[in-house]
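In what follows, every chain begins at residue 1, and chains take the letters A, B, ... in the order their sequences are listed.
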Amino acid sequence: MFASDRKEAGFRLLMKTYQEPLYYAIRRMVHSHHDTDDVLQNALIKIYRYLPDFKENSKLFTWLYRIAVNESLTFLKRKNRRMEDSIDKNLELFGQELKADQYFDGDDWAIELKKAIETLPNKQKLVFNMRYYDEMSYKQMSEVLDTSEGALKASYHHAAKKIEEYLSKDV
Amino acid sequence: MLPKKLKNIYQKMSKENNIQKELSKIAPSVMGKGVGDSYKIPQDYFKELESKVLDRLKSKEYRTPPEYFTDLEFRGLTPKPNAQKNIFKILVPVLSVAASILLLMFFGSENINQSDDWQSDDMIELFADEFSLEDLMDDNDDQSEGFLAYIDNESIDKYVEENIELLEEEEFLNLIQYEEE
């Protein structure tokens with residue numbers, strides 16, 4: 001079915017190597033396992049399609065991460081369009097969903113942190129996740145997001161400040 | 001020289017330290033807490049994911065949309081032995097509409113600018129219908145008035161002048177003669 005068995009074998013290897021970090025990058029943005037599964041599948045299909053166009057100007061992982069990020073942002077845009085309730089109501093619901101999620105085993109503090117991150121605009125949320133959870137350098141982040149390191153530092157700074165404020169208000 | 005593995009661990013530790021140090025300045029309460037994601041993944045998820053993605057790729061690449069082959073020949077991709085007949089079937093209504101327009105232009109030139117009754121909606125309706133040449137000939141008075149209300153004498157004369165060589169069909173020649181009478 002594939003153009004060649006080698007192509008399929010190569011793609012299998014790529015999936016095996018990168019699916020887990022891509023999964024987590026997406027999951028931190030969309031939260032539920034079910035949504036992550038959808039977004040990750042779409043991202044992998046795009047990766048397969050556009051792999052011949054990969055120019056090697058950036059590292060492979062950076063390129064893959066960028067596709068995963070774009071897919072997540074597209075998903076969130078679509079989802080946010082459907083959400084009409086207030087932010088507070090949505091946050092409350094989000095906390096409850098997280099607590100009931102069988103694939104989330106964080107304590108109350110972890111839920112509060114997730115809620116705090118959820119108050120951020122998508123781009124800031126992304127920057128915070130990349131730095132805080134993925135421990136990426138600003139250089140790597142700048143390659144993925146095509147944004148200057150200075151702007152990313154500022155964005156991360158704002159994000160961390162807002163999270164700090166949210167958590168201190170809540171406690 | 002540090003062995004590669006140790007070097008990697010050292011690099012990771014120093015990177016984490018930098019990130020934590022940075023965080024301690026801007027958001028001390030967030031520092032060092034909950035760095036682990038707390039997200040769990042269902043067992044065997046990645047094994048299933050691989051086959052799900054590969055299945056989707058295979059089906060997307062090779063499945064054609066429903067009805068894809070039904071009118072493929074009309075799109076000129078795979079000519080059939082009787083393709084000429086089919087093309088003729090398509091061309092007949094198109095040509096009849098074109099001929100109708102020309103007929104209206106010549107037949108109704110006397111009535112030009114005489115009628116204000118026809119509006120643009122009527123025009124759209126007129127051309128939206130797939131009328132045949134015969135239908136038009138039987139009932140062309142009102143329609144020609146409406147259509148020709150939008151064209152002036154000068155433009156018809158200019159059109160005839162420019163296209164006289166193209167109007168070789170007997171019908172068209174008759175029409176021109178009729179006009180001159």
Side-chain angles (χ1 to χ4, degrees), chain A residues 1-3 8 11-12 15-16 19-20 23-24 27-28 31-34 36-37 40-45 47-49 98 101-107 109-114 116-117 128-129 131-138 153 156-168 171, chain B residues 2-66 68-69 72 77-78:
Chain A
M1 293 286 244
F2 274 75
E8 183 173 340
F11 188 62
R12 274 179 199 275
M15 275 200 282
K16 237 177 216 123
Q19 60 194 4
E20 203 167 329
Y23 173 91
Y24 279 111
R27 180 97 187 253
R28 281 182 212 119
H31 304 297
S32 91
H33 166 74
H34 180 75
T36 307
D37 182 36
L40 180 58
Q41 281 189 45
N42 291 341
L44 287 168
I45 283 166
I47 287 166
Y48 176 83
R49 291 224 171 113
L98 216 50
D101 190 341
Q102 58 169 323
Y103 298 119
F104 182 82
D105 66 356
D107 54 16
W109 197 91
I111 291 175
E112 285 311 304
L113 178 61
K114 292 286 180 199
I117 295 171
F128 185 82
N129 285 340
R131 183 87 177 141
Y132 188 72
Y133 291 111
D134 281 334
E135 295 161 1
M136 278 192 178
S137 68
Y138 286 112
K153 274 181 195 170
Y156 180 73
H157 186 92
H158 284 305
K161 275 268 181 223
K162 278 187 200 167
I163 291 170
E164 172 88 351
E165 272 171 38
Y166 178 92
L167 291 173
S168 52
V171 170
Chain B
L2 286 167
K4 202 180 172 188
K5 211 171 178 180
L6 268 178
K7 203 176 162 187
N8 286 344
I9 293 169
Y10 175 75
Q11 272 178 350
K12 193 170 171 13
M13 277 172 63
S14 61
K15 198 159 80 174
E16 275 174 25
N17 284 341
N18 284 340
I19 292 169
Q20 292 300 317
K21 223 159 101 183
E22 179 189 42
L23 206 56
S24 72
K25 287 178 194 160
I26 24 175
S29 66
V30 189
M31 191 185 82
K33 285 179 185 172
V35 177
D37 249 334
S38 318
Y39 287 128
K40 289 191 293 180
I41 305 173
Q43 216 181 355
D44 293 331
Y45 167 68
F46 287 119
K47 267 187 206 166
E48 287 163 19
L49 175 74
E50 190 180 291
S51 53
K52 270 195 270 185
V53 171
L54 291 174
D55 285 349
R56 271 183 68 181
L57 276 170
K58 285 170 188 173
S59 62
K60 278 202 171 184
E61 277 184 343
Y62 295 102
R63 192 172 295 159
T64 52
Y68 176 73
F69 291 106
L72 191 62
L77 296 175
T78 52

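- Using a 4.5 Å heavy-atom cutoff, the side chains of B:Y45 and A:T36 are not in contact.
- Both the backbone and the side chain of A:E20 come within contact range of chain B, with heavy atoms under 4.5 Å apart.
- For A:L40, the part lying near chain B is the side chain, with the backbone staying farther off; criterion is any non-hydrogen pair under 4.5 Å.
- For A:H33, the part lying near chain B is the side chain, with the backbone staying farther off; criterion is any non-hydrogen pair under 4.5 Å.
- Looking only at side-chain heavy atoms (C-beta outward), B:L54 and A:F11 come within less than 4.5 Å of each other.
- With 3.5 Å as the limit, one finds no donor-acceptor pair spanning the side chains of B:Y39 and A:D101.
- Across all their heavy atoms, B:K40 and A:Y23 have their closest contact at O-OH, 4.0 Å.
- Residue B:L57 comes nearest to A:Y48 through the heavy atom pair CD2-CD2, 3.3 Å, listed as atom of the first residue, atom of the second, then distance.
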Take A:N42 and B:R56 through the test side-chain contact (heavy atoms from CB on, under 4.5 Å) and record every step on the way to the result. CA-CA 10 Å; A:N42 291 341; B:R56 271 183 68 181; 2.8 Å; yes
side-chain contact (heavy atoms from CB on, under 4.5 Å) evaluation trace for A:K16 with B:E50: CA-CA 8 Å; A:K16 237 177 216 123; B:E50 190 180 291; 3.9 Å; yes
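- The shortest non-hydrogen separation linking A:Y156 to B:I19 is OH-CG2, 4.3 Å.
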